[in-house]
Amino acid sequence: MIEWSDTDLIMRDTVREFIDKEVRPHLDGLESGELSPYPFARKLFSEFGLDVMAAEAVKSMLDKQREGARRSGGLGGFAEQASMAAVMVSELAGVSIGLLSTVGVSLGLGAATIMSRGTPAQKERWLPELMTLEKIAAWAITEPDAGSDAFGGMKTYVRRDGSDYLLNGQKTFITNGPYADVLIVYAKLDEGVPGVDRRDRPVLTFVLDAGMPGLTQGKPFKKMGMMSSPTGELFFDNVRLSPDRLLGESEAHTGGDGRDSARANFAAERVGVALMALGIINECHRLCLDYAKTRTLWGKRIAEFQLIQLKLARMEIARINVQNMVFQTLERLKAGQMPTLAEASAIKLYSSEAATEVAMEAVQLFGGNGYMAEYRVEQLARDAKSLMIYAGSNEVQVTHIAKGLLAG
Ligand SMILES: Cc1cc2nc3c(=O)[nH]c(=O)nc-3n(C[C@H](O)[C@H](O)[C@H](O)COP(=O)(O)OP(=O)(O)OC[C@H]3O[C@@H](n4cnc5c(N)ncnc54)[C@H](O)[C@@H]3O)c2cc1C
């Protein structure tokens, strides 16, 4: 793949039109938190028939499961439409990465975990409403004392109580945490096995519903960027969990423990960051070219100054590099190949740094206007920085790249 296909371009223009009409006029409200992102996400889904497609894909998967047919997991119809999804993601990221994240986490992490780890009954219980965005999911691993060291340092725990579990602890920085209807929560089994260090105890994955006794969903945090994505804390005080809330309904899941469940999402999440980075780079590139061609100083357009040209040239290099990484990944996905964790980490690290640098340089190119919210590049710079921190901080990506290089 060396270019977007004609179909991708039609999709891009249609999404762009939708965003210009339905999202851009409300950006101030979304950024201030005055407007909830969820009605916008649902509108996007219904406009492009994604709710109907998702409902059909889930129904057909559940029907097949009921008939006993085997299916390999994944997001049903969405997997085959990788480049269409990529176009949508990058278009939206350039305008409201927060809005995109609410959907991305709900589907790509929340629903996807139930899809890959749940029993047929669990899929039937939660997926139909999640896949159509009627309900929103959160995916909670991070804790105040366990971010990069998520599993070893995890303090949130469950204790067996008859056939149930009691959940206690706290999570933080959870996308959709304040408003999620369904919450995927990772917790350590707090039962000492002689000789097994607390850090190495099994991690189990549960599904909670909003409103359960003992569950508190905190208010949205004030953040640097991604304002339209509510991020918050979760508190668990003796939340009683029946065994049908343990994903797979077995402590010995065939897919490994909660660590494996979370790791299974890492590569896809990191490729997703590259798509978002591409969206931010494209938007900065477009805004800067327009501005450089129209802003006049000393009787010249600033595009004629070599130092401005250097900024534009570096943006173009970042755009080509990140786009090529995205194209190569899409091509491999179409051939049924997922990048290795080390490759996905390298893509994530490079593209998030490139987007942050491009967006900061965009602010600089706009001068004082760049520092003003009206010109949007300051929002893009604040948004881009988040890409270097979540989905595994960039320092942690280095460790994963090195591990891949040094293995064997
Ligand atoms: C906007 C946003 C949304 C998020 N959404 C979610 C969500 O939905 N669900 C969820 O579970 N989490 C979520 N997170 C949490 C995110 O995954 C963590 O913030 C991230 O993993 C980093 O953990 P930390 O914040 O605890 O930083 P720390 O782990 O405390 O890191 C502090 C510093 O140490 C560095 N560091 C850590 N380990 C090493 C090492 N081995 N070598 C060198 N340097 C190292 C880090 O890179 C960082 O610079 C979100 C975060 C943000 C900002």
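Both counts, for ligands and for their atoms, begin at 1 and track the order of listing.
With Thr156 contributing its side chain and Met154 its backbone, the two residues share no donor-acceptor pair below 3.5 Å. Side-chain atoms of Gln397 come within 3.5 Å of backbone N or O of Ala391 as a donor-acceptor pair. Proximity of a side-chain donor or acceptor of Asp190 to a complementary backbone N or O of Val158 within less than 3.5 Å is not detected.
With Ile280 as the partner, the side chain to side chain contact (heavy atoms under 4.5 Å, CB included) test is satisfied by one option alone out of Val322, Leu387, Val358: Leu387. Applying side chain to side chain contact (heavy atoms under 4.5 Å, CB included) to Ile97 and the options Arg382, Gln379, Met276 leaves one that passes, Met276.
Aromatic pair Tyr186/Phe206: centroids not less than 6.0 angstrom apart.
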Below 3.5 Å only, please: the N or O atoms of ligand 1 paired with protein N or O atoms, distance on each line.
from	atom 1	to	atom 2	distance (Å)
ligand 1	5 (N)	Phe173	O	2.9
ligand 1	5 (N)	Thr175	OG1	2.9
ligand 1	8 (O)	Thr175	N	3.0
ligand 1	8 (O)	Thr175	OG1	3.3
ligand 1	9 (N)	Trp139	O	2.8
ligand 1	11 (O)	Ile141	N	2.9
ligand 1	11 (O)	Thr142	N	2.9
ligand 1	11 (O)	Thr142	OG1	3.1
ligand 1	12 (N)	Thr142	OG1	2.7
ligand 1	14 (N)	Phe173	O	3.3
ligand 1	23 (O)	Ser148	N	3.4
ligand 1	29 (O)	Ser148	N	2.9
ligand 1	29 (O)	Ser148	OG	2.6
ligand 1	47 (O)	Ser393	OG	2.5
ligand 1	47 (O)	Glu395	OE1	2.7

